[in-house]
Asker: 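Quick one: this structure, given as structure tokens, is what I'll be asking you about.
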Amino acid sequence: MYYHSTQDKSKTVLSAQAIAQGISEDGGLFVPESFPRLTDDELRALLPLSYQERAKRIFSKYLTDFSEEEIADCVDSAYTVAKFGSEHPAPLAPVEFNGSKMNLLELWHGPTCAFKDMALQILPHFLTKSLAKVGGGRDAVILVATSGDTGKAALEGFKDVDHTRIIVFYPVDGVSAMQKHQMNTQEGENVYVCAIRGNFDDAQTAVKKIFTDPATRGILDENNMMFSSANSINWGRLLPQIVYYVSAYCDMVNAGNIAFGDKINVTVPTGNFGNILAGYYAYEMGLPVKRFICASNSNKVLTDFIRTGVYDKNRDFYTTVSPSMDILVSSNLERLLYALSGCDDKLTKSYMDALKTKGCYEVSDSIREKIQSMFYGGFADEDATKATIRDLFDQQGYLCDTHTAVAVSVCDAYIKETGDDTPVVIASTASPYKFSKAVLDAIDPGELPESEFDMVERIHELTGCEVPAPLANLKGKKARFGDVTDKEDMQGVVLRALGID
């Protein structure tokens, strides 16, 4: 299996190079040359297997330059009971909301209580093995822009991993108090965290610029280092997310919710388009999916794009109660455009160039029609998000976070609009306690406690919902990091943090 750049498909690498490098030197993203198929017999054979065994079989189709033993070691080291609380790291929780049955795919049982753990617990193992194959003895500098959850999950995954350094940037006013506390108290000798004055898009744009700057890469090379990424631009981060959609389908068949071969709908709250793209890749492999429901918050650039074919980031930016989706530049959409254009790298590059220079682009009619045949775009504003949290708890006694609430709200709107009663899987992306202020305001509006951990305790008293140990243990923990920088100085911050400025 080879991988091409979305902006220059003459660039061809094996998976170890794609994972170690993170992003192509031309600024494009690595994508598989083709999608390996899961035949009906292969999919049926996954039904009795554990999550871990399903993961090994799917990875083996993409990581052809890894041995069977290497893949097994990565999986068995990542998805453990100690890290995820049970043998099954991604269980389904069936609920009924406004009369419709939904299956919440709980992806937040890992050490940082967010779906990013599903990928970022295994990515360090992928990366260290990739570096051994292609790194030339260099250390990897993991450069991360985060809207909240990726940062902590990456820090936790890479802390004290040999031959790696990790630097995380987050928008100073664009993450929840709990997310900020998680990152700033991070342990590990190889980690560094810095806030920026700006939003996630500012951080992401600067990180991609640093990645592709020849002079900076040259400085790292002189110091026996190389850049890599833990964002979903890295194929090693996106690949593990394919697994949980396949696994969820198997679990629904095993539970008798669907018959083998039946189609499902998949709803994903997303800003950077990576999580839903992983579901689409599972569909390309043969997973029976009828529709992908793309759920946005008030920053509804993806909703508008799916409905019109015009991607336009020239709009107001909103800081919302679902901050991990406060994004106007959805990096992984590039990979979808490449696939739907018939792997037309020149066309894909023209769209990305237009986004950089004009802030917008419009896809061809044929691509727009393909997108609309598979994707539905909808959004939930702040009031709808909080109302969904409250209503779901009142109806089912189930407490969800703000991002999951966006997905449930949009899924409910889709069902009402279309009458489509296809069984649905909804990606539930974080513990409600990561966004305690908004969740508490939703279920018990009024005067809120001042302390984040007082809010956590109040939610627990009201709902009986268990507080995850990784969050409870943060109480009283002192911050190690508190630096704030302008986006223009991020490159300097990186070099200073590495001690090579």
Side-chain angles (χ1 to χ4, degrees), residues 19-23 112 114 116 119-121 123-124 126-128 130-131 135 138-172 174-175 179-234 236-237 272 324 331 479-501:
I19 292 169
Q21 195 169 321
I23 187 172
T112 76
K116 308 296 176 72
L120 285 166
Q121 281 300 304
L123 178 59
F126 284 163
L127 182 61
T128 52
S130 296
L131 287 173
R138 289 174 292 176
D139 288 352
V141 177
I142 316 298
L143 202 55
V144 178
T146 184
S147 54
D149 286 333
T150 289
K152 173 59 181 176
L155 289 162
E156 188 66 24
F158 280 97
K159 71 175 181 183
D160 294 327
V161 172
D162 289 343
H163 303 295
T164 67
R165 302 278 294 275
I166 179 166
I167 300 170
V168 170
F169 293 98
Y170 69 90
V172 65
V175 300
Q179 288 173 314
K180 185 179 294 188
H181 194 56
Q182 281 186 299
M183 288 186 283
N184 286 340
T185 57
Q186 177 65 47
E187 298 173 350
E189 294 303 311
N190 63 334
V191 306
Y192 177 74
V193 179
C194 184
I196 73 155
R197 299 178 185 92
N199 58 39
F200 169 76
D201 290 326
D202 296 324
Q204 180 171 249
T205 299
V207 161
K208 291 183 78 172
K209 183 178 179 181
I210 296 168
F211 254 105
T212 55
D213 178 58
T216 307
R217 290 204 314 268
I219 293 171
L220 260 67
D221 193 51
E222 291 171 2
N223 287 271
N224 206 33
M225 299 178 185
M226 62 180 289
F227 279 132
S228 190
S229 173
N231 286 95
S232 55
I233 58 175
N234 190 321
R237 163 63 198 283
N272 216 15
S324 297
S331 288
R480 293 181 62 202
F481 304 102
D483 292 345
V484 183
T485 188
D486 294 322
K487 58 187 179 183
E488 294 82 6
D489 193 38
M490 286 171 57
Q491 185 168 353
V493 169
V494 169
L495 297 178
R496 289 192 292 274
L498 296 174
I500 57 177
D501 185 20

Asker: Yes or no on side chain to side chain contact (heavy atoms under 4.5 Å, CB included) for Val494 and Tyr192, after CA distance, side-chain angles and deciding distance?
Answerer: CA-CA 9 Å; Val494 169; Tyr192 177 74; over 6 Å; no
Asker: For the pair Val161 and Thr128, evaluate side chain to side chain contact (heavy atoms under 4.5 Å, CB included) and give the outcome as yes or no after the intermediate values.
Answerer: CA-CA 8 Å; Val161 172; Thr128 52; 3.6 Å; yes
Asker: Any heavy-atom pair between the side chains of Val168 and Ile142 that's under 4.5 Å?
Answerer: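 No, every pair of side-chain atoms sits at 4.5 Å or beyond.
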Asker: Going by atom types only, do Gln186 and Lys152 share a side-chain donor-acceptor pair under 3.5 Å?
Answerer: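 Yes, side-chain donor-acceptor contact under 3.5 Å.
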Asker: CD/Glu156 to CD1/Ile166 distance, rounded to the nearest 0.5 angstrom?
Answerer: 10.5 Å
Asker: Apply the side-chain contact (heavy atoms from CB on, under 4.5 Å) test between Met490 and each candidate in Ile196, Thr205, Leu143; give the one that qualifies.
Answerer: Ile196
Asker: Taking Thr146's backbone N and O only, do any of them form a donor-acceptor pair with Thr150's side chain (distance below 3.5 Å, no angle check)?
Answerer: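 Pair absent, no side-chain N/O of Thr150 close to backbone of Thr146.
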Asker: Go through the steps to decide whether Leu498 and Asn223 satisfy the test side chain to side chain contact (heavy atoms under 4.5 Å, CB included), and finish with yes or no.
Answerer: CA-CA 10 Å; Leu498 296 174; Asn223 287 271; over 6 Å; no
Asker: Quick one, Ser228 with Gln21, criterion side-chain hydrogen bond (donor to acceptor under 3.5 Å, both in side chains). Give me CA distance, side-chain angles, the key distance, then yes/no.
Answerer: CA-CA 5 Å; Ser228 190; Gln21 195 169 321; over 6 Å; no
Asker: For Thr112 and Gln182, which I'm curious about, is there any donor-acceptor pair between the side chains at under 3.5 Å?
Answerer: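 Result is no, nothing qualifies.
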Asker: Can a salt bridge be assigned to the pair Arg197 and Asp486 using a cut-off of 4.0 Å between side-chain N and carboxylate O?
Answerer: yes
Asker: I'd like to know if the side chain of Asp139 reaches the main chain of Thr164, judged simply by a donor and an acceptor atom lying under 3.5 Å from each other, with no hydrogens or angles considered.
Answerer: no
Asker: Could you measure the distance from the CG atom of Leu120 to the NZ atom of Lys116? Nearest 0.5 Å is fine.
Answerer: 8.0 Å
Asker: Enter the distance from Thr216:OG1 to Gln491:CD here, rounded to the nearest 0.5 Å.
Answerer: 3.5 Å
Asker: Using side-chain heavy atoms (C-beta onward) and a distance below 4.5 Å, is Ser331 in contact with Gln204?
Answerer: yes
Asker: I'd like to check Phe169 versus Val193 (side-chain heavy atoms, cut-off strictly below 4.5 Å). Are they in contact?
Answerer: no
Asker: Atom CD1 of Ile219 and atom CE of Met225: how far apart are they, to the nearest 0.5 Å?
Answerer: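 Interatomic distance, Ile219 CD1 to Met225 CE, rounded to 0.5 Å: 11.5 Å.
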Asker: Would you confirm whether Asn190, through its side chain, and Phe158, through its main-chain N or O, come within 3.5 Å as a donor-acceptor pair?
Answerer: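 Such a contact is found between Asn190 side chain and Phe158 backbone.
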Asker: Is the closest side-chain heavy-atom distance between Ser324 and Gln179 below 4.5 Å?
Answerer: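 Yes, at least one pair of side-chain atoms sits under 4.5 Å.
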Asker: Determine, stepwise, if the pair Leu123 / Ile19 fulfils side chain to side chain contact (heavy atoms under 4.5 Å, CB included).
Answerer: CA-CA 9 Å; Leu123 178 59; Ile19 292 169; 4.2 Å; yes
Asker: Give a yes or no answer on whether the side chain of Arg237 reaches the backbone of Ala230 with a donor-acceptor pair at less than 3.5 Å.
Answerer: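 Answer holds: yes.
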Asker: Check whether any side-chain heavy atom of Phe227 sits under 4.5 Å from a side-chain heavy atom of Ile210, and report yes or no.
Answerer: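 Phe227 reaches Ile210 side chain to side chain.
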Asker: Can you confirm whether Ile23 sits close enough to Asn234 that some side-chain heavy atom of one is under 4.5 Å from a side-chain heavy atom of the other?
Answerer: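 Side-chain contact under 4.5 Å: no.
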Asker: Is any side-chain heavy atom of Val191 less than 4.5 Å from a side-chain heavy atom of Arg480?
Answerer: yes
Asker: Can you tell me how far the OG atom of Ser147 sits from the CG atom of Asn272, to the nearest 0.5 Å?
Answerer: 7.0 Å
Asker: Does any N or O in the side chain of Lys487 come within less than 3.5 Å of the main-chain N or O of Gly198, such that one atom is a donor and the other an acceptor?
Answerer: no
Asker: Are the side chain of Asn231 and the backbone of Ala145 linked by a donor-acceptor contact shorter than 3.5 Å?
Answerer: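 Side chain of Asn231 to backbone of Ala145, a donor-acceptor pair under 3.5 Å: yes, one is there.
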Asker: Among pairs that include at least one residue of residues 211-230, which meet salt bridge (charged side-chain N to carboxylate O under 4.0 Å, His left out), considering only residues two or more places apart or in two chains?
Answerer: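 Non-adjacent pairs meeting salt bridge (charged side-chain N to carboxylate O under 4.0 Å, His left out): Arg138-Asp221.
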Asker: Between Cys194 and Ile167, is there a side-chain heavy-atom distance shorter than 4.5 Å?
Answerer: no
